[in-house]
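All of these numbers come straight from a predicted model, not from anything done at the bench.
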Amino acid sequence: MMAGDYWEDAVYGVAPLSELDTFDLSVVFSWLSQNVPARGAKIDWSRAPGRHAHWSVADDTRLAAMVSREVSMRLRHGAVVEHAGDGLSPYGVRFGVENAGAVLAALLEIPEHHYFVAQDRSWLVVATSEGDLDVLDEIGPRGA
């Protein structure tokens, strides 16, 4: 089994991730490149639209709990969040409030940078494998 197959089969191939709607990761990354300023390959948070908050967290368990809290408090009934990972995830996934806890826990086990974007593009939560957590709120109607 190739390394890429592990993540697709053993992680995305079982519940709760196997039950989710999937999409091409480029949808999220294309939107980011068009709507959130970058400096090199990284988001330039100092120029990002909306209200920005940042935390640096050394403990992976605490970081995962903070990411889950930040995404969950923004996810309203009937709304959808899209997740894209920048390394090992074979595709993006969409999920709602109904299964957010289990989905977030499964996604955050994957060692990569995680981008959680409101489907209406009103907020963004980014967690890095280096322990950074960044949140943008009130991004505004900049196109999906």
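For the pair F116/L107, a side-chain contact is recorded, criterion being any heavy-atom separation below 4.5 Å from C-beta on. A 4.5 Å side-chain heavy-atom check between Y115 and D86 finds at least one atom pair inside the cut-off. Looking at heavy atoms from C-beta onward, R121 lies in side-chain contact with W31 at the 4.5 angstrom threshold. In this structure the side chain of D132 never reaches within 4.5 angstrom of the side chain of W55, judged on heavy atoms. Within the 4.5 Å cutoff, the side chain of H83 has no heavy atoms near those of the R94 side chain. Inter-residue side-chain proximity for L136 and W45 is flagged as met; some heavy-atom pair is nearer than 4.5 Å. Put simply, the side chain of D21 does not reach to within 4.5 Å of the side chain of V93, judged on heavy atoms. Side-chain atoms of L133 and V125, non-hydrogen and from C-beta on, do get closer than 4.5 Å to each other.
Of all the heavy atoms in L75 and W123, the pair that sits closest is N-CZ2, 4.5 Å. Between T128 and L63, the closest heavy-atom pair is O-CD2, 3.7 Å. What you find for S68 and L108 is that their closest heavy atoms are OG-CD1, 3.9 Å. Among all heavy-atom pairs drawn from W7 and P111, the shortest one is CH2-CD, 3.4 Å.
With sequence neighbours excluded, the residues satisfying salt bridge (Lys or Arg N to Asp or Glu O under 4.0 Å) with E70 are R74. For D44, the side-chain hydrogen bond (donor to acceptor under 3.5 Å, both in side chains) partners at least two apart in sequence or on another chain are R39, S46, R47.
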Kindly indicate, with the supporting measurements, whether the criterion side chain to side chain contact (heavy atoms under 4.5 Å, CB included) is fulfilled by H114 and V126.
CA-CA 6 Å; H114 298 275; V126 179; over 6 Å; no
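In the displayed structure, H54 atom NE2 is contacted under 6.0 Å by more than 12 heavy atoms of other residues, nucleotides or ligands.
Rounding to the nearest 0.5 Å gives a distance of 9.5 Å between CZ of R76 and OG of S122. Rounded to the nearest 0.5 angstrom, I139 CD1 and D137 CG are separated by 7.5 Å. The structure places CZ of F23 at 8.5 Å from CD of Q119, a figure rounded to the nearest 0.5 Å. Of the inter-residue distances, the one linking L104 atom CG with E109 atom CD reads 12.0 Å to the nearest 0.5 angstrom. Remark: L17 CG to T22 OG1 distance equals 11.5 Å, nearest 0.5 Å. Taken from CG in L124 to CG in L32, the straight-line distance is 6.0 Å, to the nearest 0.5 Å.
The hydrophobic cluster containing Y6 also contains I110, counting ILVMFWY residues as joined when their side-chain heavy atoms lie under 4.5 angstrom apart, directly or transitively. V80 and V28 sit in two unconnected hydrophobic clusters of ILVMFWY residues. Membership requires side-chain heavy atoms under 4.5 Å apart, directly or through other members.
With S72 contributing its side chain and R69 its backbone, the two residues share no donor-acceptor pair below 3.5 Å. In this structure a side-chain-to-backbone donor-acceptor pair under 3.5 Å is present from E112 to S89. S30 places no side-chain N or O within donor-acceptor distance of the main-chain N or O of V27, the cut-off being under 3.5 Å.
The aromatic rings of Y12 and Y91 sit perpendicular, their planes meeting at an angle over 60°, well past the 30° parallel limit.
Listed by first then second residue, pairs satisfying salt bridge (Lys or Arg N to Asp or Glu O under 4.0 Å) with a partner in residues 10-20 number zero, not counting sequence neighbours.
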